[in-house]
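What you see below is based on every heavy atom in this structure, not just the backbone, and it leaves out hydrogens, waters and symmetry mates. A, B, ... follow the sequence lines: proteins, then strands. Residue 1 opens every chain. The model shown is predicted, which means the values in this text are computed figures rather than measured ones.
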Amino acid sequence: MENKLMDSKYFFYRKKITSSIMMSLTFIAALAAIIPLIFIFYYTISKGVTYFNFNFFVAMPKPVGESGGGMANAIMGTLILIGLGGAIGIPIGILSGTYLAEFGNNKFGFLVRFMTDVLSGVPSIVVGVVAYTMIVIPMKHFSALAGGIALGILVIPTITRTTEEMIRLVPSSLREAGLALGLPKWKTTIAIVLRTAWKGIATGVLLGLSRAAGETAPLLFTALGNRFWSTNIGQPMASLTVYIYDYAKSPFEDWNQQAWTAALVLILLISILSLLFRIITRSKYKTN
Amino acid sequence: MNNELSDSIKDKLTRKLISSHNMGDFIFEKLTLLFTVSVFLLVILMGYEMYQGSRLSIAKFGWGFLSSSTWDPVQEIYGALPIIYGTVVSSALALIIALPLSIGIAIFLAEIAPDWLEKPVSFLVELLAGIPSVIYGLWGIFVLVPWLRQSVEPYLSEKFGYLPIFTGAPYGFGMLAAVLILAIMTLPIISSISRDVLKSIPYSQREAALALGATRWQSTLIVLKDAKSGILGATMLGLGRAIGETMAVTMVIGNRALISPSLFDPSYTMASVIANEFTEATSQLYLSALTELALVLFVITIVINALARLLVWSMSRKWKTS
Amino acid sequence: MDIKLSIKNLDAYYGKTKVLHNISLDIPKNKAVAIIGPSGCGKSTFIRCLNRMHEVVGGSITGSIMMDNEELSKKDPVLLRKRVGMVFQKPNPFPTMSIFNNVAAGLRLNGIRNKKIIAPIVEKCLKQAALWDEVKDNLDDSGANLSGGQQQRLCIARTLAVDPEVILMDEPASALDPISTTKIEDLIFELKKDYTIVIVTHNMQQAARVSDYTAFFYIGELVEFDVTSKIFMSPAKKQTEDYVRGRFG
């Protein structure tokens, strides 16, 4: 009886049709995800080009009410803030990732791995609050340093975990070759293991830094913002993201336009960052 | 004599070398350990700092902070209920939209798409995750919100105005805009992790189903059942992201501490309150209340992430060991 | 006959599992000793005890291994491994380094930076490893782009550069084609004039061709150790005879 039911044409076709419909729906879902992406890129580029010229990169913002001007200070500020974040996050991330890969097969390693995963889920605004209470309050004023530290904290989990994974991918035969040459473990790790894994690690660093470049929330009350040129990390500093936020909310249409251009510059900056790393990491030697 | 001397020097040198080698390994291990401990301590320090910062508010309002519905900086009364409501509702609704789409994308990428299509589509979806949140917000203000105000909301209130969720004036700025943006932003996270989860299930599972005469969809359903806990984990990671998302939400949600059933009305989330009001907080109590919000957000996201990681992790372990 | 390495009552363990049982043998200086036996008989473990690589993977030993009358376990493993080099089964050149830097790696990382000192050593070692003529024009290319046989000779050159006294080879030709294998065998024949060589091999012809002495291992025990010709022509033990005649293994 049951076999007959299964063999019946009706059941067979229904089964086939359901399958085709559901499979097509998944394709539509994939399309649905790409549509907003196209929209966002379309608007950023088409609206951003209006002010996208040389002046935007070298001129300072004009006072309220005057149109024109550029965001030289914000571009510089974003670069400095990423630099600060990297200076804090990269060494901590790489060294702790190395520890986890080389010595971390124990309870403590497990705990730290868990902590970094948890840290990667902490909202960036919360990190901003912490940087405020830890640095801005004792220093008694907003500073780029506080913003850099907040960004540094945010990049740690990405760098730590990629470093660990990349080191674990290095075949143990290379480690053995190093030890068999009479190298102590630390030299083997630095000169052979890290050297072999560095492209992967650089990718993780890039990923972390490009995310940091797009962060706004942790800068709002740390680096704050600055309408003037400043490279002093002890003082408030402008950044592209905070400018986008301020200019997007502003009632001046001219500033709204500039927000789009800043967004375009930010996206370009993030793309250049990834391109730059690809060039640096493109050596003639293979990494298996 | 000469030979002896050089031998003793050699011996000394060797001994020095031995100790320096061991010393090198010792220093290397301890140095990396130091940085590792710093990561560990950092998380604890963050919690501690925020607890210290919010003591004033905790002492004054106690648990009432979470259950009282007045957020009034002028009167110095801080009750976070409407803010928690806004956070929970916006995130939950965003997930209701994003989850089916994400699972669809994950199935498409892991089960159906050929290699040449999977790679570019995966790349585009991941690109979506790489767009800075403030750019989502910018797009929200100038594209999404006007579209909602002029087309979507008037249409919805005309056709479905009898539903309480579609009442009120169509501002554009409000819960609906935040929900849509959050859905777009959580989509890449949930779909890419779900795809990895699906891919971690051995191909033999599908072959077994297909060999029994199952269609592609039926075999996918079997795989989905295996992947359940992993996908749940991915969803929770998406939830964590939605709850903590700040800029895009702040820019479109309207920023008013209000409990309203209508999706058209403005609302507020914990993250957007902090972003909006932190620099304006003039009194100690105000700052303390905002810090307490950050602490609550911190604890919630930690719990959600811990659970999510455990789920994804137990899932990948299951297939690794078998 | 000078004895380079003297092994007495060696037991080796992985965790609690005993993999070598009471091995005793003397390895003479500047000779090639072949270790033969079926898979899983402890050949590799045995030679990894000789440069203390066994403990790197969590193993431990009891008994005594003496090199030039000094106990290995009392020596610093790092210094020991400079004197006892090792060539692995699969060629493992450092993929991020050039051919030149692969050979120079051991020197550089041991603190010798002067290129005037390094360059002639690199050339000498590449010549010794019979690789010089093939690579002298592209020393800056990646070591990973060489063929498998060339890679293995590069690894031998890399080992020679640290100027070891003993070279351990763990099935150095098992992953290579016949022509490369012949080259490696010729090389071993040359090298044993200056170095003490211990080579693990699956291949009995290879053992017969290159070695002066042969040790036959079976399930973690040393069955027989003697002059190679004796092991292959008239072994004392039945088990050895069965193995070298190809009756099992």
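B:R206 and B:E111 are joined by a salt bridge, as a carboxylate oxygen and a charged side-chain nitrogen come within less than 4.0 angstrom of each other. The pair B:R241-B:E245 counts as a salt bridge, with a side-chain nitrogen and a carboxylate oxygen less than 4.0 angstrom apart. Ion pairing between A:R168 and A:E102 fails under the 4.0 Å rule for side-chain N and carboxylate O. A salt bridge links A:E164 with A:R113: at least one charged nitrogen is closer than 4.0 Å to a carboxylate oxygen.
When heavy atoms are compared at a cutoff of 4.5 Å, B:L45 approaches chain A solely by way of its side chain, counted from C-beta outward. Contact of B:I131 with chain A is made through the side chain alone, with heavy-atom distances under 4.5 Å. In this structure, chain A has no heavy atom under 4.5 Å from any part of B:S102. With a 4.5 Å cut-off on non-hydrogen atoms, A:L220 touches chain B through its backbone and its side chain both. Of the two parts of A:I190, only the side chain, counted from C-beta on, holds a non-hydrogen atom closer than 4.5 Å to a non-hydrogen atom of chain B. In this structure, the portions of A:T133 lying under 4.5 Å from any heavy atom of chain B include both its backbone and its side chain. Residue contact with chain B, scored on non-hydrogen atoms closer than 4.5 Å, involves the backbone and the side chain of A:F221 alike. Only the side chain of A:I156 comes within contact range of chain B, with at least one heavy atom under 4.5 Å from a heavy atom of that chain. With a threshold of 4.5 angstrom between heavy atoms, B:V143 approaches chain A through side-chain atoms but not through N, CA, C or O. At a 4.5 Å heavy-atom cutoff, the contact between B:I274 and chain A is made by backbone and side-chain atoms alike. Proximity to chain B (any heavy atom under 4.5 Å) is restricted, for A:T189, to the side chain, taken from C-beta onward. For A:L266, the part lying near chain B is the side chain, with the backbone staying farther off; criterion is any non-hydrogen pair under 4.5 Å. Looking at B:I135, the atoms closer than 4.5 Å to chain A (heavy atoms on both sides) all sit in the side chain, from C-beta outward. For chain A, the nearby part of B:I141 is the side chain; its heavy atoms alone come within less than 4.5 Å. For chain B, no part of A:S210 is nearby; none of its heavy atoms comes within less than 4.5 Å. Residue contact with chain A, scored on non-hydrogen atoms closer than 4.5 Å, is absent for B:S191. Only the side chain of B:Q218 has a heavy atom closer than 4.5 Å to any heavy atom of chain A. B:L101 touches chain A through backbone and side chain together, each having a heavy atom under 4.5 Å away. Contacts of A:F27 with chain B are made by both backbone and side-chain atoms, with heavy-atom separations under 4.5 Å. Only the side chain of A:F103 comes within contact range of chain B, with heavy atoms under 4.5 Å apart. A:L207 does not touch chain B: none of its heavy atoms, backbone or side chain, sits under 4.5 Å away.
Taking the six-membered ring where the residue is Trp, A:Y132 and A:F142 present tilted rings, their angle falling between 30° and 60°.
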task: Apply side chain to side chain contact (heavy atoms under 4.5 Å, CB included) to B:S288 and B:R55, showing your working.
output: CA-CA 7 Å; B:S288 181; B:R55 278 175 73 165; 5.9 Å; no
For this session: Give the C-alpha distance, both sets of side-chain angles, the deciding distance and a yes or no for side chain to side chain contact (heavy atoms under 4.5 Å, CB included) between B:L109 and B:V121.
Result: CA-CA 8 Å; B:L109 293 174; B:V121 174; 3.6 Å; yes
* To do: Take A:L181 and A:T188 through the side chain to side chain contact (heavy atoms under 4.5 Å, CB included) test and state the conclusion after the steps.
  => CA-CA 9 Å; A:L181 284 177; A:T188 309; over 6 Å; no
request  = Take B:M46 and A:M134 through the side chain to side chain contact (heavy atoms under 4.5 Å, CB included) test and state the conclusion after the steps.
outcome  = CA-CA 9 Å; B:M46 285 172 69; A:M134 273 164 56; 5.7 Å; no
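Between A:A217 and A:S124, the closest heavy-atom pair is CB-OG, 3.8 Å. In plain terms, the two heavy atoms of A:L183 and A:K187 that are nearest each other are CB-CB, 4.4 Å. A pairwise comparison of heavy atoms in B:T87 and B:M270 identifies OG1-N, 3.0 Å as the closest pair. Taking each heavy atom of A:G147 and A:L81 in turn, the nearest pair found is C-CD2, 4.2 Å. Closest approach of B:M50 and A:V130 over heavy atoms only: CE-CG2, 3.7 Å.
The candidate from A:R211, A:M23, A:K249, A:K185 with the greatest count of non-hydrogen atom pairs under 4.5 Å with chain B is A:M23. When each of A:T44, A:L111, A:T18, A:I21 is scored by its heavy-atom pairs under 4.5 Å with chain B, the top score falls to A:L111. Between chain A and the residues B:T246, B:T291, B:V37, the most heavy-atom pairs under 4.5 angstrom are made by B:T246. Of the residues considered (B:F278, B:F298, B:F40), B:F278 shows the highest number of contacts with chain A, using heavy-atom pairs under 4.5 Å. Of the residues considered (A:L119, A:I267, A:V242, A:V127), A:L119 shows the highest number of contacts with chain B, using heavy-atom pairs under 4.5 Å. Interface check for chain B: of the options A:T160, A:I270, A:N256, A:T98, the most heavy-atom pairs under 4.5 Å are formed by A:N256. Options B:M251, B:E29, B:R216 differ in how many heavy-atom pairs under 4.5 Å they form with chain A, and the most are formed by B:E29. Most heavy-atom pairs under 4.5 Å with chain A: of the set B:G104, B:G47, B:A106, this distinction falls to B:G104. The candidate with the highest count of non-hydrogen atom pairs below 4.5 Å against chain A, out of B:I112, B:L33, B:V125, is B:L33. Ranked by heavy-atom pairs under 4.5 Å with chain B, the first of A:S19, A:G214, A:A262, A:G93 is A:S19. Comparing A:I40, A:V122, A:L31, A:I34 by how many heavy-atom pairs each has under 4.5 Å with chain B, the most go to A:I40. Annotation: maximal heavy-atom pairing with chain A below 4.5 Å, among B:L117, B:T301, B:V134, B:I184, occurs at B:V134.
With A:Y247 as the fixed residue, the ring-ring contact (aromatic ring centres under 6.0 Å, His included) test singles out one of A:W260, A:F252, A:W255: A:W255.
A cation-pi contact, defined as under 6.0 Å to the ring centre and within 45° of the axis, is absent between B:K30 and B:F28.
Heavy-atom contacts from other residues, nucleotides or ligands closer than 6.0 Å to CD of B:Q284 number 12 or fewer.
In this structure a side-chain-to-backbone donor-acceptor pair under 3.5 Å is present from B:S38 to B:F35.
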